[in-house]
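Working notes, beginning with the structure itself.
Just so you know, residue 1 is the first one in the sequence shown, and it goes up from there. Note that ligands are numbered from 1 as they come in the structure, with each ligand's atoms numbered from 1 the same way.
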Amino acid sequence: MLVAEELLKRYKQEHIIKFLENNPKLEEQILSFDFDTIINLYNSVKNRKNLEASIIEHMPYTNKEKLSEKETKELEDIGEKIIKQNKYAVITMAGGQGTRLGHTGPKGTYKINTVNGPKYLFEIIIDELKKAQEKYGTTIMWYIMTSKENNDETENFLKIHNFFGYPSDKVKFFKQGEMPLISDDGKLLINEHKIIKEASDGNGSIYASLDRDGILEDMRKREIEWIFIGGVDNVLLKFIDPLLTGLTIEEGNIIASKSIIKRDAYEKVGVFCKVNGRPKVIEYTETPKDLAEEVDENGDFVYGDTNIISHLFNIKALEKIANKNMPYHVAHKKAEYLDESGNLIKPDTPNAYKFESFIFDAFEEFEDMTLLRVKRENEFAPIKNKEGNDSPETATKLYNNFMKRNLI
Ligand code: UTP
């Protein structure tokens with residue numbers, strides 16, 4: 001108890017001391033924290049890096065539609081070999097809170113009405129894995145990243161549904177990290193269970209989690225070399241992609257992404273570019289206006305390749321970044337907490353900082369990456385919002401149109 005108390009004093013968190021009495025969970029939590037990192041993050045909120053001072057350049061890409069049949073076939077052959085040799089795995093990131101959709105339960109348990117009947121998002125992913133089983137004569141390992149909050153519900157859901165017919169020994173779960181929330185005046189918050197309030201720390205914690213939960217080790221044992229990582233909520237995500245794999249190998253890279261062209265100069269998306277010579281995704285909020293609008297001699301956006309969370313990594317790349325500190329992005333949020341008298345406070349305005357790292361922030365650890373531009377209508381149908389853009393309605397339409405076009 002004393003050590004925990006000392007830590008709280010050292011880091012000016014004395015308001016928590018009174019909650020320590022008969023509270024071993026809180027003590028354990030305090031001892032597990034990296035206070036220096038947390039306090040440094042809070043201090044850095046007001047000192048954000050200015051991107052405009054960096055050298056921003058266009059990132060070269062390959063347009064899938066412009067490859068000849070022969071080129072496509074040659075690259076696909078390279079990728080297919082990898083898949084058939086069991087050297088390819090898929091990770092679905094399903095640790096998000098899905099706050100905009102507002103579905104109770106993990107997003108993968110959301111159901112849409114497809115031309116092939118009602119289907120859960122997890123089921124749609126399994127359909128693709130099963131198709132690959134037939135096509136390549138191999139069963140691809142499927143890893144699912146959950147959060148502390150949704151792990152049990154996710155595992156139970158898939159067990160109850162018997163993994164929709166996919167072999168359960170080819171499915172493994174692992175949990176992403178969490179970070180404490182911190183108030184406007186630099187104080188950790190106490191939640192209704194009298195422990196420090198934490199939240200998922202963004203999909204960038206995947207790298208450390210893969211190592212911590214033994215997934216990298218599992219991949220090494222299975223001799224997996226190429227790992228696709230994508231989100232749970234894009235129902236047209238093509239996560240088994242021999243072309244992308246072949247192209248990445250041909251280009252001698254160990255990381256790759258797929259992109260689609262942005263709809264207009266100001267679409268609220270992150271775009272690929274090179275910053276100080278290194279690959280990066282810059283958010284629309286960080287993109288200077290002239291760059292957002294810039295077009296080349298053909299009238300194409302120079303900074304138009306949108307990130308659709310469709311990434312490929314060689315295991316060497318995941319090993320390289322497993323222990324790298326990821327930069328955190330900060331969001332100002334409303335967060336309930338217990339005050340010093342133990343009353344639950346429900347703020348009307350944002351009162352706390354939430355720190356999240358993003359998977360794409362690791363790209364700048366590499367000198368180069370492969371970028372494959374694909375067609376929006378073939379690979380992008382996200383479910384983010386309850387209604388309007390990127391909603392179940394728009395995604396279902398796109399999914400059904402794709403299925404009809406491909407006569408599946
Ligand atoms: P989003 O950034 O769209 O977040 O996630 P979200 O949680 O699904 O939705 P909102 O913002 O709360 O409405 C993109 C992908 O990254 C995963 C999500 O599950 C989704 O597949 N993700 C996001 C994580 O795995 N962990 C996180 O902490 C955040």
salt_bridge(E5, K9) N-O dist < 4.0 Å: yes
With E364, the salt bridge (charged side-chain N to carboxylate O under 4.0 Å, His left out) member among K280, K274, R278: K280
Polar atom proximity, T99 to ligand 1 (N or O, under 3.5 Å): yes
Residue and atom name of the nearest protein heavy atom (relative to atom 25 (O) of ligand 1), distance in Å to one decimal: G95 N, 2.8 Å
Ligand 1 to N203 polar contact by distance, N or O atoms, under 3.5 Å: yes
Ring centroid separation F228 to H311 under 6.0 Å: no
Among N113, D127, T114, the one residue meeting side chain to side chain donor-acceptor pair (under 3.5 Å) with K119: D127
D233/K384 ion pair, N-O < 4.0 Å: yes
Enumerated ligand 1 atoms positioned under 4.0 Å from heavy atoms of S200: 28 (O)
Under 3.5 Å: N/O of K384 near N/O of ligand 1: yes
Ring centers of Y88, Y136 separated by less than 6.0 Å: no
Protein contact to atom 21 (O) of ligand 1 [nearest heavy atom, distance to 0.1 Å]: M93 O, 2.7 Å
cation_pi(K197, Y337) dist<6.0 Å, angle<=45: no
Whether Y42 side chain and D184 backbone form a donor-acceptor pair below 3.5 Å: yes
For atom 11 (O) of ligand 1, the protein heavy atom that lies nearest, with its residue and separation: R100 NH2, 3.0 Å
Ligand 1 to M145 polar contact by distance, N or O atoms, under 3.5 Å: no
Protein contact to atom 6 (P) of ligand 1 [nearest heavy atom, distance to 0.1 Å]: G98 N, 3.6 Å
Polar contact flag for G96 and ligand 1 (N/O pairs, less than 3.5 Å): yes
Whether over 12 other heavy atoms sit under 6.0 Å from E250 CD: no
Per-atom contacts of ligand 1 with G202, taking only distances under 4.0 Å to non-hydrogen atoms: 27 (C), 28 (O)
Nearest neighbour of atom 28 (O) of ligand 1 from the list Q176, H103, K107, on a heavy-atom basis: Q176
Per-atom contacts of ligand 1 with G231, taking only distances under 4.0 Å to non-hydrogen atoms: 21 (O)
Ligand-residue contact atoms, ligand 1 with I309, heavy atoms, under 4.0 Å: 14 (C)
